[in-house]
Number of protein chains: 2
Amino acid sequence: MSPCFDMCQDSAMSILESVPQEQAVTCCGLATSPVTQEDAARLAPVFKALGDPVRLRMASLIAAQPEVCVCDITPAFDLSSGTISHHLKQLREAGLVSCERRGTYVFYWINPEALGALSALLAVSAPVPAHVP
Amino acid sequence: MSPCFDMCQDSAMSILESVPQEQAVTCCGLATSPVTQEDAARLAPVFKALGDPVRLRMASLIAAQPEVCVCDITPAFDLSSGTISHHLKQLREAGLVSCERRGTYVFYWINPEALGALSALLAVSAPVPAHVP
DNA sequence: CTCCTGGTTTGATGGTGATCGAATCAATCT
DNA sequence: AGATTGATTCGATCACCATCAAACCAGGAG
């Protein structure tokens, strides 16, 4: 069992996994069909993870590069390393990022599928017939 | 001054408004350039608004139709009307929905631009050169 | 093996948030 | 005007969360 096994396995994969193959990633938009209670319970935590300014910047920072070392993340925020770790864990458990330890350092990268799923959910391609007051 | 003026004017329009015309809607992706501290402060509350299962379903319910009466929203949740109102206010202040009173009833509708802005932010078109561990 | 550095976990704390019931406001009906 | 229904606001309560400092764990260097 790899060193950081436990740490790196706590991803919830809440969006993609445990979904009945059919519509893959809750696939087609908040507006097309009402989100079920189960979907909401699964998706809301992901939005919540992005609902903190620190984590949003963190996710962005990670997403902007193939991978980022924690030691490069920490100095970008005026927070204790414990707090940084806490936020990274939130992002991890939301399935938004993954990590791996390589020697001394731990590297994080974004999970594009997770972002993509959220993006698709919010996409308004041919939505609602437009509101006319 | 219209009756529900105060109530319906508390939208934050956090995403679209008060943005220096240039890049319109923070326009092109979490991954392309790191979200600034100001952007994060403006955008995180919108994600937070969607970060609750009740509000996510609520937003979806509203988005699925041109407009929805509060009296049609309330019975869809096992919550007091006070709590429903609280959540609707959160969505309103996040700029995700707008409302208008017409006679006895109050109608809510989705703000597609807000959803679109979030969707664009999360979109992963040609992002990161892919992670190779 | 013993230090040192990088990260995570733990415990405690102050602040925020979801919820309810009651009070209030808005508009319509009698 | 008074009564009724729809919706928001208020006050209180309980749970959760962001944060820090300190303890702890993992690797590498002396």
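A note on names: the letters A, B, ... follow the listed sequences, proteins ahead of strands, and every chain is numbered from 1. What you see below is based on every heavy atom in this structure, not just the backbone, and it leaves out hydrogens, waters and symmetry mates.
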Salt bridge flag under 4.0 Å for residues R102(B) and E67(B): yes

Whole angstrom value for the distance that separates P of dA26(C) from CZ of F107(B): 18 Å

Integer-rounded Å distance: dA26(D) P and E100(A) CD: 17 Å

Sugar-phosphate, base or nothing in reach of S81(B), heavy atoms under 4.0 Å: base

Per L79(B) side chain, nearest of listed nucleotides dT19(D), dT8(D), dT19(C): dT19(C)

dT8(D) OP1/OP2 closer than 4.0 Å to side-chain N/O of R101(B): no

Side-chain donor/acceptor of S60(A) to backbone N/O of L56(A), under 3.5 Å: no

Nearest-nucleotide pick for H86(A), side chain only, options being dA27(C), dA18(D), dT8(C): dA18(D)

Side-chain (R101(B)) to main-chain (G103(B)) donor-acceptor, under 3.5 angstrom: yes

Atom pair distance, as rounded to whole Å: CG in L91(A) and C1' in dC17(D): 15 Å

Under 4.0 angstrom between R102(A) side-chain N/O and dG27(D) OP1 or OP2: no

Proximity to the side chain of R55(A) - top-ranked nucleotide from dA18(D), dA7(D), dT8(C): dA18(D)

Phosphate-side-chain proximity, H87(B) and dT19(C), N/O vs OP1/OP2 below 4.0 Å: yes

Length of the line joining F77(A):CZ and dA18(D):C1', which is rounded to integer Å: 14 Å

S85(B) vs dT8(D): side-chain N/O to OP1/OP2 distance below 4.0 Å: yes

Sugar-phosphate, base or nothing in reach of G82(A), heavy atoms under 4.0 Å: base

N/O donor-acceptor pair under 3.5 Å between S119(B) side chain and S119(A) backbone: yes

Sugar-phosphate only, base, or nothing, as touched by I84(A) at under 4.0 Å among non-hydrogen atoms: nothing

Of the listed nucleotides dT9(C), dT9(D), dA27(C), the one nearest the side chain of R92(B): dT9(D)

Shortest side-chain distance from D52(B), nucleotide among dA18(C), dT8(D), dC20(D): dA18(C)

Check: A49(A) main-chain N/O paired with R55(A) side-chain donor or acceptor under 3.5 Å: yes

Whole-Å distance separating the CG atom of L88(A) from the C1' atom of dT19(D): 15 Å

Any donor-acceptor pair under 3.5 Å from N111(A) side chain to A114(A) backbone: no

Atom-to-atom span, OH of Y105(A) to P of dC4(C) - whole angstrom: 17 Å

Phosphate-side-chain proximity, T83(B) and dT19(C), N/O vs OP1/OP2 below 4.0 Å: no

For atom CG of D78(A) and atom C1' of dA18(D), their distance in whole Å: 14 Å

S80(A) vs dC20(D): side-chain N/O to OP1/OP2 distance below 4.0 Å: yes

Closest listed nucleotide, where the reference is the side chain of C69(B) and the choices are dG6(D), dA7(D), dG6(C): dA7(D)

Phosphate OP1/OP2 of dC17(D) contacted by K48(A) side-chain N/O (<4.0 Å): yes

Y108(B) side-chain N/O to dT8(D) phosphate OP1/OP2 under 4.0 Å: yes

Nucleotide dT8(D), atom C1' - distance to CD1 of I73(B) in whole Å: 14 Å

